[in-house]
Amino acid sequence: MQMGLEIRIASDADLAALVRLAATFRDHLGRSTPTDAEFRMSIALLLRDRHSEFFLARDASGTDLGYVQARYRHSAWTSGLDMELEDVFVLSGARRCGRGRQLVEFAIARAVQKGCRLIGLNTNERNAGALALYRSLGFAAERALWNGARQLWLERPLD
């Protein structure tokens, strides 16, 4: 484990840190929305939602380095609880040191603790670093059921 790295389930007291990290993630993606105020409102709501959790990584000096947002739902296909990793983010200066791996490993352990049967996530197919990390932890986009074809996450904005 990374020396001096603490990963824990976030609480209401961590709202400001999570908003800062989410806004940095937004900026990293080159987006202008959600605004900081929208993040504050949404994250505050999600911190109280029994179907969501945030895992916060902090170094020994108290600097917040990254987070994972996990969402839980019952699935008819697994006949049990599934976890979706909605966000996995580590500050750019703190990457390539195993912190993202530790965050995802924490999420996996939490999913096991909660009795989840599946963990899913999405990432861009050109995000080589993230794909390497997720594959090394046992995630795959291919399913034998469909002759090895890749699973795709499709979206339709409803604005």
Undergrad: Are Ile43 and Leu45 close enough that some pair of their side-chain heavy atoms sits under 4.5 Å apart?
TA: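 Contact flag for Ile43/Leu45 side chains = no.
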Undergrad: Identify, with sequence neighbours excluded, every residue that meets salt bridge (Lys or Arg N to Asp or Glu O under 4.0 Å) alongside Arg48.
TA: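 Scan of Arg48 (salt bridge (Lys or Arg N to Asp or Glu O under 4.0 Å), adjacent residues dropped) gives Asp12.
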Undergrad: So, taking the atom named CD1 in Ile119 and the one named CG in Leu85, what distance separates them when rounded to the nearest 0.5 Å?
TA: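 Spacing of CD1 (Ile119) from CG (Leu85) equals 6.0 Å.
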Undergrad: Indicate, with yes or no, if Ile9 and Val88 share a hydrophobic cluster defined by side-chain heavy-atom contacts under 4.5 Å among Ile, Leu, Val, Met, Phe, Trp and Tyr.
TA: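 Same cluster.
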Undergrad: Is there a path of hydrophobic side-chain contacts, each under 4.5 Å between heavy atoms of I/L/V/M/F/W/Y residues, joining Val112 to Leu118?
TA: no
Undergrad: Can you check whether Thr24 reaches Phe89 side chain to side chain, under 4.5 Å on heavy atoms?
TA: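 Contact flag for Thr24/Phe89 side chains = yes.
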Undergrad: Start with the C-alpha gap between Leu18 and Leu56, add the side-chain angles, then the distance that decides, and say whether side-chain contact (heavy atoms from CB on, under 4.5 Å) holds.
TA: CA-CA 8 Å; Leu18 290 168; Leu56 184 62; 4.1 Å; yes
Undergrad: Is Arg117 salt-bridged to Asp82, going by a charged N under 4.0 Å from an acidic O?
TA: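 The answer is no: the pair does not qualify as a salt bridge.
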Undergrad: Taking a hydrophobic cluster as the set of Ile, Leu, Val, Met, Phe, Trp and Tyr residues connected by side-chain heavy atoms closer than 4.5 Å, whether directly or through intermediates, do Phe139 and Phe55 fall within one such cluster?
TA: yes
Undergrad: Can you label the angle between the Phe54 ring and the Tyr67 ring as parallel, tilted or perpendicular, going by 30° and 60°?
TA: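 Plane angle between 30° and 60°, so tilted.
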Undergrad: Could you check whether Ser32 and Arg26, counting side-chain N and O atoms only, form a donor-acceptor pair closer than 3.5 Å?
TA: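 Distance-only check fails for Arg26 and Ser32.
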Undergrad: Run the side-chain contact (heavy atoms from CB on, under 4.5 Å) check on His74 and His51 step by step: do they pass?
TA: CA-CA 10 Å; His74 187 88; His51 301 293; over 6 Å; no
Undergrad: Could you tell me whether Glu125 and Arg150 have a side-chain N and a carboxylate O separated by less than 4.0 Å?
TA: yes
Undergrad: Return the CG to CG distance between Leu29 and Asn124, rounded to the nearest 0.5 Å.
TA: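 Spacing of CG (Leu29) from CG (Asn124) equals 10.0 Å.
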Undergrad: With the side chain counted from C-beta on, respond yes when Leu5 and Gln102 share a heavy-atom pair under 4.5 Å apart, and no when they do not.
TA: yes
Undergrad: Verify side-chain contact (heavy atoms from CB on, under 4.5 Å) between Met83 and Arg71, making sure each step is shown before the conclusion.
TA: CA-CA 6 Å; Met83 173 193 273; Arg71 294 171 14 148; over 6 Å; no
Undergrad: Less than 4.0 angstrom from a charged side-chain N to a carboxylate O is my criterion; do Arg8 and Asp14 meet it?
TA: yes
Undergrad: Say whether, by atom type as modelled, one donor and one acceptor occur between the side chain of Ser136 and the main chain of Leu133 under 3.5 angstrom.
TA: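 Between the backbone of Leu133 and the side chain of Ser136 there is a qualifying donor-acceptor contact (under 3.5 Å).
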Undergrad: In the single-linkage hydrophobic clustering (I, L, V, M, F, W, Y; side-chain heavy atoms under 4.5 Å), do Leu121 and Trp77 co-cluster?
TA: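 Not linked; separate clusters.
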Undergrad: Side chains of Leu137 and Arg101: does their closest heavy-atom pair fall under 4.5 Å?
TA: yes
Undergrad: With rounding to the nearest 0.5 angstrom, report the CG to CZ distance, Leu91 to Phe25.
TA: 11.5 Å
Undergrad: I'd like to know if Arg73 and Glu84 make a salt bridge, using a cut-off of under 4.0 Å between side-chain N and carboxylate O.
TA: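 Glu84 and Arg73: not salt-bridged.
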Undergrad: How long is the gap from OG on Ser42 to CD on Gln69, to the nearest 0.5 Å?
TA: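 Reported to 0.5 Å precision, the distance equals 9.0 Å.
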Undergrad: Kindly compute the distance separating SG (Cys97) from CG (Asp59), expressed to the nearest 0.5 Å.
TA: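 Taking SG in Cys97 and CG in Asp59, the distance rounds to 11.0 Å.
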Undergrad: Should Asp36 and Arg20 count as an ion pair when the cut-off is N to O under 4.0 Å?
TA: no
Undergrad: Would a 4.5 Å heavy-atom cut-off, applied to side chains only, mark Tyr72 and Ser52 as touching?
TA: no
Undergrad: For Gln113 and Arg110, does a side-chain donor sit closer than 3.5 Å to a side-chain acceptor?
TA: yes
Undergrad: Using the test salt bridge (Lys or Arg N to Asp or Glu O under 4.0 Å), find all partners of Arg31 that sit at least two apart in sequence or belong to another chain.
TA: none
Undergrad: Return the CD to CG distance between Glu6 and Leu65, rounded to the nearest 0.5 Å.
TA: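 Between Glu6 CD and Leu65 CG, I get 11.0 Å after rounding to 0.5 Å.
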Undergrad: I need the minimum non-hydrogen distance between Arg95 and Val90, along with the two atoms involved.
TA: NE-O, 2.7 Å
